[in-house]
Asks: 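Here you go, one structure.
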Amino acid sequence: MSDDFFSASWLDLREAADARARSPLLLARLARAVESAETVNVVDLGCGTGANLRALAPRCGATQRWWLLDHDARLLDELPARMRDWCTRCGWSLRAVPHDALRMQLRGSGHDIEVETRVVDIGHGLVALPAGRPLLITASALLDLASRNWIVQLVAQCAAVRAMFYFALSYDGRLSFDPPLADDAWLREQVNLHQCGNKGFGPALGPAAAAFTRQMLDDAGYHCETLPSNWHLDASQSALQRQLLAGWAQAAREIATDSAARVGRWLAARLQAVERGDSQLVVGHLDLFAMPAGMHAFT
């Protein structure tokens, strides 16, 4: 889809829907798995403006160190302001490390968290992990953009350091629309074909990525669990609906290049439903949590 789907404004728009959709059971599994760690070292791949940290940090132990990696320096430039606003809402404090704009310290609710951001293009091969063995490698809304080879390398790197693995909100190909239109299934098919294009990691696995990643982790000896983390969008999320519909229409035009008029009619009807306040969308996602053999959080 367009670059709008990787912009700070898009990430802001989707963050609340993501937070509601994450599997509470897997979040609880993760919290229990790290509760006895002296320091929870976390590598966040494709971190954007820090939404994954905001979702996980309150659940991840008293002492944490995060490395936030993203290829887009503009998103990382936006991250401190987003973190400061979040800390204010939570009653936490944030301090930038003197003379180092890429580091922050968060304090609050018994948590002591160091954050370091790095501009890294993870799409061109995984980078060396930061010093200190990571306990957790995580990302949000990333797996469906990744290629088979990239995921194989990622799993091998996780297994080599026996890191836990929490990847949230991977699109799994399910889209449903209410009220229904005749072209909904056709449009979904075009979107899912588009999802398998190159998103910066090579040919993406798209909707098949979460299942493939789980198989790779199973083969590497991990204990894995996947659970739904679907968006359920109603009239209260009209802005998010409009941007999604426009993005899906653009994707369909890029795949079905001779069907612009058909896509346009579908989009106009869908947007009319949004304006009437009776549009409801379900977007299928999966959360995946995996632990190396010998660790136990699945009881």
Side-chain angles (χ1 to χ4, degrees), residues 7-70 72-120 129-142 163-169 229 237 240 287 289 297:
S7 68
S9 60
W10 164 249
L11 297 177
D12 290 343
L13 190 59
R14 68 173 291 167
E15 184 168 351
D18 285 344
R20 287 190 296 271
R22 288 174 187 258
S23 165
L25 180 58
L26 293 192
L27 288 172
R29 301 266 203 247
L30 172 59
R32 188 160 64 251
V34 303
E35 64 185 355
S36 62
E38 182 176 343
T39 300
V40 180
N41 292 325
V42 185
V43 178
D44 188 0
L45 303 175
C47 65
T49 60
N52 207 30
L53 186 156
R54 292 187 286 275
L56 300 186
R59 299 174 167 92
C60 278
T63 305
Q64 303 170 39
R65 185 165 187 193
W66 285 71
W67 289 268
L68 304 183
L69 312 183
D70 203 287
D72 192 336
R74 295 169 299 178
L75 294 179
L76 295 180
D77 286 344
E78 299 274 357
L79 190 148
R82 302 297 194 281
M83 293 306 306
R84 193 173 299 280
D85 290 346
W86 178 77
C87 285
T88 298
R89 293 194 300 273
C90 295
W92 289 25
S93 66
L94 181 150
R95 184 175 73 90
V97 176
H99 311 299
D100 190 345
L102 297 178
R103 296 181 64 195
M104 295 172 286
Q105 294 177 339
L106 313 181
R107 303 286 186 272
S109 302
H111 292 85
D112 184 348
I113 303 170
E114 294 186 14
V115 179
E116 180 178 337
T117 66
R118 297 184 183 181
V119 179
V120 177
L129 295 174
R133 184 176 73 83
L135 183 62
L136 174 67
I137 296 178
T138 185
S140 176
L142 181 70
M164 287 183 283
F165 190 100
Y166 172 77
F167 272 48
L169 298 150
S229 51
Q237 294 96 34
L240 180 55
D287 289 354
F289 178 54

Asks: When the side chains of residues 83-92 are checked against the rest of the protein, which donor-acceptor pairs come out under 3.5 Å, sequence neighbours left out?
Replies:
unit_1 : atom_1 : unit_2 : atom_2 : d
T88    : OG1    : R84    : O      : 3.0
W92    : NE1    : S109   : OG     : 3.1

Asks: Please step through side chain to side chain donor-acceptor pair (under 3.5 Å) for the pair N52 and S140, ending with a clear verdict.
Replies: CA-CA 6 Å; N52 207 30; S140 176; 4.7 Å; no

Asks: Do L27 and L56 come within less than 4.5 Å of each other through their side chains, counting heavy atoms only?
Replies: yes

Asks: Less than 4.5 Å apart, side chain to side chain, heavy atoms only: is that true for L75 and L11?
Replies: yes

Asks: Find out whether L136 and N41 are in side-chain contact, i.e. whether some heavy atom of one side chain is under 4.5 Å from a heavy atom of the other.
Replies: no

Asks: Can you name the ring-ring contact (aromatic ring centres under 6.0 Å, His included) partners of F165, sequence neighbours left out?
Replies: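 For F165 the ring-ring contact (aromatic ring centres under 6.0 Å, His included) partners, ignoring immediate neighbours, are F167.
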
Asks: I want to check something: taking the side chain as every heavy atom from C-beta on, are L169 and D287 in contact at a cut-off of under 4.5 Å?
Replies: yes

Asks: When you measure from the side chain of D70 to the backbone of G48, do you find a donor-acceptor pair of N or O atoms at a distance under 3.5 Å?
Replies: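 Here the side-chain-to-backbone pair exists.
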
Asks: Verify, without hydrogens or angle tests, whether T138 (side chain) and D44 (backbone) share a donor-acceptor contact under 3.5 angstrom.
Replies: no

Asks: Do side-chain atoms of H111 reach the backbone of P58 as a donor and acceptor pair under 3.5 angstrom?
Replies: yes

Asks: Going by heavy atoms in the side chains, are V115 and L106 under 4.5 Å from each other?
Replies: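 Sidechains of L106 and V115: in contact.
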
Asks: Are side-chain heavy atoms of T63 and V40 found at a separation under 4.5 Å?
Replies: no

Asks: Is R82 paired with E15 through a side-chain N to carboxylate O contact shorter than 4.0 Å?
Replies: no

Asks: Could you tell me whether the side chain of R22 and the main chain of A55 form a donor-acceptor pair under 3.5 Å?
Replies: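 Here the side-chain-to-backbone pair does not exist.
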
Asks: With sequence neighbours left out, write down each residue that passes side-chain contact (heavy atoms from CB on, under 4.5 Å) with E116, or none if nothing qualifies.
Replies: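 Partners of E116 under the side-chain contact (heavy atoms from CB on, under 4.5 Å) test: R65, W67, R103, R118.
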
Asks: Using salt bridge (Lys or Arg N to Asp or Glu O under 4.0 Å) as the criterion, list what pairs up with R74, not counting sequence neighbours.
Replies: D72

Asks: Taking only residues two or more places apart in sequence, or in another chain, which ones meet D77 in a salt bridge (Lys or Arg N to Asp or Glu O under 4.0 Å)?
Replies: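 Residues passing salt bridge (Lys or Arg N to Asp or Glu O under 4.0 Å) with D77: none at all.
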
Asks: For R107, check salt bridge (Lys or Arg N to Asp or Glu O under 4.0 Å) against everything at least two apart and list the hits.
Replies: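 Residues passing salt bridge (Lys or Arg N to Asp or Glu O under 4.0 Å) with R107: D112.
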
